Amino acid sequence: MAENVRVLLSEKEVDARISAIGEQISRDYAGKQVHLVCVLKGGSFFMCELAKRITVPVSIDFMSVSSYGGATKSSGVVKIVKDLDEPLKDKDVIVVEDIVDSGRTLSYLLELLQQRGPRSLALCTLLDKPDRRVIDVHVDYTGFEIPDKFVVGYGLDYNQRYRNLPYIGVVELN
Ligand code: IMP
Ligand code: MG
């Protein structure tokens, strides 16, 4: 089956929005250090761009959880594949995700990270598909709310491809 990727959010739009979120976070965390927790692999492109636009001191860490197989549907199973290197105790933590879909991954992850005693814990996602929510998750910073379409680019993949696209596109099978 042939695939086609249609642009949903251009590189310019995404970059401008990330700059705005970076400014917002810099204001909200004035006088503090933010500890960005990237959820691999999807959150990595967004986190790097975001980190560059935050003007308060930043530290970063990575973790990997699996909630999806090779397909485009949630399995509902969340597993820690790679844990963080650093403790979260007394840190002002912002979890950086590519997308909140059903909310299963994030609700599990936030609960787990909360138990590690951060001073504060916030969630920042590049994309949100509110129509797909199964479990309620509080999102502090959202790049864009998007319709219920399977998207790729800026870290998001379809069978591990397209993560490197500098824009957000919709995969069309034809
Ligand atoms: P949730 O647990 O259903 O909220 O799933 C979140 C994860 O599913 C994201 O971090 C992505 O890795 C993946 N995901 C959900 N929707 C999409 C999509 O449209 N494109 C690519 N990956 C997606
Ligand atoms: Mg992800």
Side-chain angles (χ1 to χ4, degrees), residues 1 3-11 13-18 20-22 24-25 36-51 60-84 93-115 118 121-174:
M1 211 168 5
E3 298 159 25
N4 185 35
V5 179
R6 178 173 56 81
V7 178
L8 179 68
L9 298 162
S10 71
E11 181 172 8
E13 285 174 276
V14 176
D15 284 359
R17 187 68 192 116
I18 296 176
I21 297 174
Q24 183 69 50
I25 289 174
L36 301 180
V37 166
C38 170
V39 185
L40 293 170
K41 302 171 187 161
S44 58
F45 290 71
F46 175 40
M47 190 189 75
C48 292
E49 292 305 315
L50 181 64
I60 62 172
D61 205 347
F62 298 88
M63 106 183 269
S64 180
V65 297
S66 72
S67 62
Y68 277 67
T72 58
K73 267 209 185 138
S74 173
S75 65
V77 180
V78 179
K79 186 176 91 189
I80 293 189
V81 179
K82 182 221 172 291
D83 207 339
L84 296 170
V93 176
I94 305 178
V95 174
V96 181
E97 251 288 26
D98 50 1
I99 190 164
V100 183
D101 187 27
S102 71
R104 282 191 183 98
T105 313
L106 267 303
S107 88
Y108 171 86
L109 199 64
L110 291 172
E111 206 166 296
L112 182 106
L113 299 181
Q114 191 65 62
Q115 288 165 12
L121 182 61
L123 172 61
C124 176
T125 184
L126 179 59
L127 305 173
D128 187 357
K129 285 190 208 170
D131 297 347
R132 298 259 307 166
R133 203 71 93 252
V134 175
I135 300 179
D136 198 33
V137 186
H138 176 76
V139 184
D140 299 276
Y141 304 96
T142 305
F144 302 90
E145 288 195 353
I146 59 165
D148 181 11
K149 293 259 159 61
F150 194 82
V151 291
V152 294
Y154 236 95
L156 291 140
D157 74 302
Y158 175 62
N159 287 337
Q160 296 304 325
R161 287 173 54 209
Y162 303 119
R163 292 190 196 274
N164 58 318
L165 295 180
Y167 54 86
I168 301 293
V170 176
V171 180
E172 290 170 337
L173 302 173
N174 41 48

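All values below were derived from every heavy atom in this structure, side-chain atoms included, with hydrogens, water molecules and symmetry-related copies excluded. Source: prediction; values computed, not measured. For reference, positions follow the sequence shown, starting with 1.
With hydrogens and angles disregarded, no donor-acceptor distance shorter than 3.5 Å links the side chain of Lys129 to the backbone of Ile99.
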key: Verdict with supporting geometry, Met63 and Leu109, side chain to side chain contact (heavy atoms under 4.5 Å, CB included)   = CA-CA 10 Å; Met63 106 183 269; Leu109 199 64; 3.7 Å; yes
inquiry  = Between Tyr162 and Val151, is the side chain to side chain contact (heavy atoms under 4.5 Å, CB included) condition met? List the steps.
reply    = CA-CA 10 Å; Tyr162 303 119; Val151 291; over 6 Å; no
task = Kindly indicate, with the supporting measurements, whether the criterion side chain to side chain contact (heavy atoms under 4.5 Å, CB included) is fulfilled by Phe45 and Val14.
result = CA-CA 12 Å; Phe45 290 71; Val14 176; over 6 Å; no
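When every heavy atom of Gly43 is checked against every heavy atom of Cys38, the shortest pair comes out as C-SG, 3.5 Å. Shortest non-hydrogen contact noted between Glu49 and Tyr154 is CG-OH, 3.4 Å. Closest approach of Gln114 to Pro118, counting heavy atoms only: O-CD, 3.5 Å.
Ion pair Lys41/Asp98 not flagged as a salt bridge, since none of the NZ, NE, NH1 or NH2 atoms sits closer than 4.0 Å to an Asp/Glu carboxylate oxygen.
How far CG of Asp128 is from CD of Glu97: 11.0 Å, rounded to the nearest 0.5 Å. To the nearest 0.5 Å, atom CG of residue Leu112 and atom OG of residue Ser107 are 11.0 Å apart. Rounding to the nearest 0.5 angstrom, the gap separating the CE atom in Met47 from the CG atom in Asp61 is 8.5 Å. Atom NZ of Lys79 and atom OG of Ser64 lie 9.5 Å apart (nearest 0.5 Å). Atoms CG and CZ, on Leu84 and Phe62 in that order, are 10.5 Å from each other to the nearest 0.5 Å.
Few gaps surround CD on Gln160; more than 12 heavy atoms of other groups in view lie less than 6.0 Å from it.
Side chains of Ile60 and Val96 form no contact here, defined as non-hydrogen atoms less than 4.5 Å apart. For the pair Phe46/Ile18, a side-chain contact is recorded, criterion being any heavy-atom separation below 4.5 Å from C-beta on. Counting heavy atoms from C-beta outward, Thr125 and Leu106 have side chains that stay 4.5 Å or more apart. Residues Arg17 and Leu126 have side chains not in contact (no heavy-atom distance under 4.5 Å, counting atoms from C-beta outward).
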Name every donor-acceptor pair, under 3.5 Å, that has one atom in a side chain of residues 136-150 and the other anywhere in the protein, sequence neighbours excluded.
residue	atom	partner	partner atom	Å
His138	NE2	Asp140	OD1	3.2
Asp140	OD2	Leu123	N	2.8
Tyr141	OH	Asp28	OD2	2.6

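When each of Val37, Leu36, Leu50 is paired with Cys124, the side chain to side chain contact (heavy atoms under 4.5 Å, CB included) condition holds for Leu50 and for no other.
Applying the salt bridge (Lys or Arg N to Asp or Glu O under 4.0 Å) test to every pair with at least one member in residues 155-174, sequence neighbours left out, gives these pairs: Glu3-Arg161, Arg6-Glu172, Asp157-Arg163.
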